[in-house]
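Data block below; observations after.
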Amino acid sequence: MTLVAPSTSGTFDYMVSVSKSGCATQSATKLVSVTGCSSQLAVTNKPSFDTFDYQPITSNLNAWPEYDNTVHRGVAIGEKVTLRNSQIEIQVWKNFGGAVAHVSVPYGPNKINQNDWGRGLATTIYRGGRTRQIESQNKDIQTAWAQAWGTTASGGGVGNNPIQIGDTYDNPAVVVQMGYTANMIYTKSVMMNWAVRNDPTDVILEQWVWLDGPAARVKVKMTHNRVMDQTAYEARSNEYPNFIVNAAYKYNAHVGPSGNIEYLTGWNQTPVPNGENWCAMVTDASPAAQGVGLWRPGFYSTSQFRYAPSDHDGEDPNSPYAFLANPAVYSVANQSIIWDWNGTYYNEYAVLVGSAQTIRSWANAQADPRNTLAWKFNSKNGRGWFHYGKAVDTGYPTPDTGIEVTPISGGTFVDIHWPRVAIAASSVSSLYIRYKASSTWPTSNVLKAGRIGQAANEYDGQQAAVNLVCDNTWRTVQIPVSSISGWSGKIQNVQLTTLSVPAGAKLAIQWINTVNADPEP
């Protein structure tokens, strides 16, 4: 077998799975160093405001300093590394895909539930297509999560579902590299396909973790190479990240339309709007209630679900073993994202301990470059979490001339969805779009807008006409959004809708802004 590395110098990961009739499939991962190649400029899709240096930590390379003998589902938790200050303790566990597996006050019990390899604090993505990663291998599929890949065209269920921690059969994601300093932990792992037994995906996840007062900050880089399926799938809501805590922390504290802290107590996992970019899972409906919080730029939608609601095991927040119990509360930082087969994606978040009010104060002191209605589409910034209904674009990397959207099938509508935001409507009077439309793109379009607290069907009539000149020439259109009925409070949802778009029609967008200027000239 010959494996070809990219044409640059560096260290690359290869995972090889081999099977023989009558034997279980065996997998191994090897780090291969390649030298003597000239470096090439990489197109990264890293937004211009992200100045973090995404370089691996090579000190203490693969030298895990601790070993935990606590038995979890028949095996020891095993190798780990800890960061601790006077306010928070976090642990990264090798046997859990290198994810942040323990969050607590210093020397306190773990608040993160780890009953199985789908729990924890981790990135979970839904990227469309068949359930199976490598269809030529006849691996077991858990039909409770997904249908077997041969039964429907798309695979059904969760589809292709890479998970940072592991799969539903208790196979952990393999950590292929780890390094740490006194202040930061770096891990590199191969994400697992959740519904399939021992099915490593092509997605390489790199993670950097460090402490900042009461918070642990996390940076994530995901590199895709899905060569067997290069289809452009529509966006799905992703768990970016998921955030599963012990049963005692059953109140999802967040800011609602009122501008005050509100609490989710239901369990149906229906997304609800966030008026601020954080949530906290606390023990009761009180701003002083203690718990664990999650912050992320652009985190303006959350949800929750409770496992085993009739079982009260693990309800004691001081129990050192509540993290092993089945009852848990499943909260999510929702985000709709298009996953390119060859894309590189960046994300960041922070996890905190303290009261809901303390977590809110910390979150509101952080800058949020994602909370904007302005975006430059180019090979650096990429799609910026914009996504489409009934349409696709040219994929990764985004051309410097901008995205180019075309319908999946002719005669249907096309929606272009802005990322969710929480912006005071009074601060924006107009939106400007720099565009180029082919002659077959409809001239009549509408821009819809919804505020925090509204469902999609509640802002259908809140719209402004957008008349485009469709002559394949770059133009700028001004949309007076302040005239839209319902443009008030905090705006969350904005979308451009075009009806009956014929096959082959194209709409290119170079930038959008709240003033008539390129946001990144």
Side-chain angles (χ1 to χ4, degrees), residues 15 17 25 27 96-99 113-174 189-207 220-244 269 271 301 303 305 307 328 330-345 347 385 387:
M15 173 169 283
S17 296
T25 298
S27 298
F96 283 69
N113 186 267
Q114 300 288 11
N115 178 262
D116 62 45
W117 274 263
R119 306 286 180 93
L121 172 64
T123 298
T124 299
I125 66 176
Y126 301 90
R127 57 179 181 162
R130 295 181 182 273
T131 301
R132 286 301 330 286
Q133 169 72 10
I134 304 174
E135 296 176 4
S136 61
Q137 296 180 6
N138 188 27
K139 294 184 178 180
D140 295 335
I141 294 175
Q142 175 54 262
T143 55
W145 294 102
Q147 296 171 320
W149 63 265
T151 58
T152 68
S154 66
V158 295
N160 193 263
N161 183 200
I163 299 285
Q164 182 179 1
I165 295 179
D167 67 28
T168 190
Y169 293 93
D170 292 354
N171 294 295
V174 175
S189 58
V190 181
M191 296 180 77
M192 296 293 284
N193 200 356
W194 170 248
V196 187
R197 185 187 297 276
N198 195 22
D199 193 36
T201 71
D202 59 276
V203 187
I204 301 298
L205 185 145
E206 296 175 86
Q207 175 184 271
V220 174
K221 175 183 177 182
M222 283 180 288
T223 305
H224 294 236
N225 188 34
R226 192 178 179 181
V227 294
M228 296 187 69
D229 183 358
Q230 299 181 17
T231 305
Y233 294 102
E234 291 186 82
R236 292 185 60 175
S237 181
N238 288 264
E239 298 167 1
Y240 215 56
N242 57 9
F243 179 50
I244 304 179
Q269 209 167 348
S301 177
S303 62
F305 178 81
Y307 287 107
Y330 189 133
S331 290
V332 170
N334 301 112
Q335 186 69 55
S336 292
I337 301 174
I338 299 169
W339 299 102
D340 295 299
W341 70 269
N342 60 339
T344 301
Y345 294 82
N347 188 31
W385 300 354
H387 65 282

key: Candidate pair Arg127 and Val203, rule side-chain contact (heavy atoms from CB on, under 4.5 Å), full reasoning   = CA-CA 11 Å; Arg127 57 179 181 162; Val203 187; 3.6 Å; yes
key: Exercise: identify the closest heavy-atom pair between Pro200 and Met192   = CA-SD, 3.8 Å
request  = Indicate yes or no for a side-chain donor-acceptor contact from Gln207 to the backbone of Gly98 under 3.5 Å, with no hydrogens or angles considered.
outcome  = yes
inquiry  = Minimum heavy-atom separation for Ile141 and Thr131, please, with both atom names.
reply    = CG2-CG2, 4.3 Å
task = Kindly compute the distance separating CG (Asn198) from CG (Asp167), expressed to the nearest 0.5 Å.
result = 6.5 Å
ask   = Roughly how far, to the nearest 0.5 Å, is the CH2 atom of Trp145 from the OG1 atom of Thr168?
value = 6.5 Å
key: Atom pair CG (Leu121) and CD (Gln114), whose distance is rounded to the nearest 0.5 Å   = 8.5 Å
message = Checking Gln133 against Val196 for the side-chain contact (heavy atoms from CB on, under 4.5 Å) test, could you report, in this order, the C-alpha distance in whole Å, the side-chain angles of both residues, the deciding distance, and whether it holds?
response = CA-CA 9 Å; Gln133 169 72 10; Val196 187; over 6 Å; no
inquiry  = Using every non-hydrogen atom in the two residues, find where Asn334 and Ser237 come nearest and quote the distance to one decimal.
reply    = ND2-OG, 3.6 Å
query = With the threshold set at 4.0 Å, does a side-chain nitrogen-carboxylate oxygen contact exist between Asp199 and Arg130?
reply = no
key: Which atom of Ser189 lies closest to which atom of Gly97, heavy atoms considered   = OG-O, 3.3 Å
query = At what distance, to the nearest 0.5 angstrom, does OG1 of Thr123 lie from CD1 of Ile165?
reply = 9.5 Å
request  = To the nearest 0.5 angstrom, please state how far the CZ atom of Arg226 sits from the CH2 atom of Trp339.
outcome  = 12.0 Å
note = Taken to the nearest 0.5 Å, the spacing of Gln142 CD from Trp194 CH2 works out to 9.0 Å
message = side-chain contact (heavy atoms from CB on, under 4.5 Å) for Trp341 and Val227? Distances and angles first, verdict last.
response = CA-CA 7 Å; Trp341 70 269; Val227 294; 4.1 Å; yes
request  = Examine distances only and state if a side-chain atom of Asn238 and a backbone atom of Arg236 form a donor-acceptor pair shorter than 3.5 Å.
outcome  = yes
task = Kindly give the heavy-atom pair with the smallest separation between Ala173 and Val190, and that separation in Å.
result = CB-O, 3.3 Å
request  = Would you check, one step at a time, whether the test side-chain contact (heavy atoms from CB on, under 4.5 Å) holds for Tyr240 with Thr124?
outcome  = CA-CA 6 Å; Tyr240 215 56; Thr124 299; over 6 Å; no
ask   = Do the side chain of Asn193 and the main chain of Asn161 share a donor and acceptor less than 3.5 angstrom apart?
value = yes
request  = Check Val158 against Ala195 and note the closest heavy-atom contact, atom names and distance.
outcome  = CG2-CB, 4.3 Å
key: Donor-acceptor pair between Tyr345 and Asp340 side chains, under 3.5 angstrom   = yes
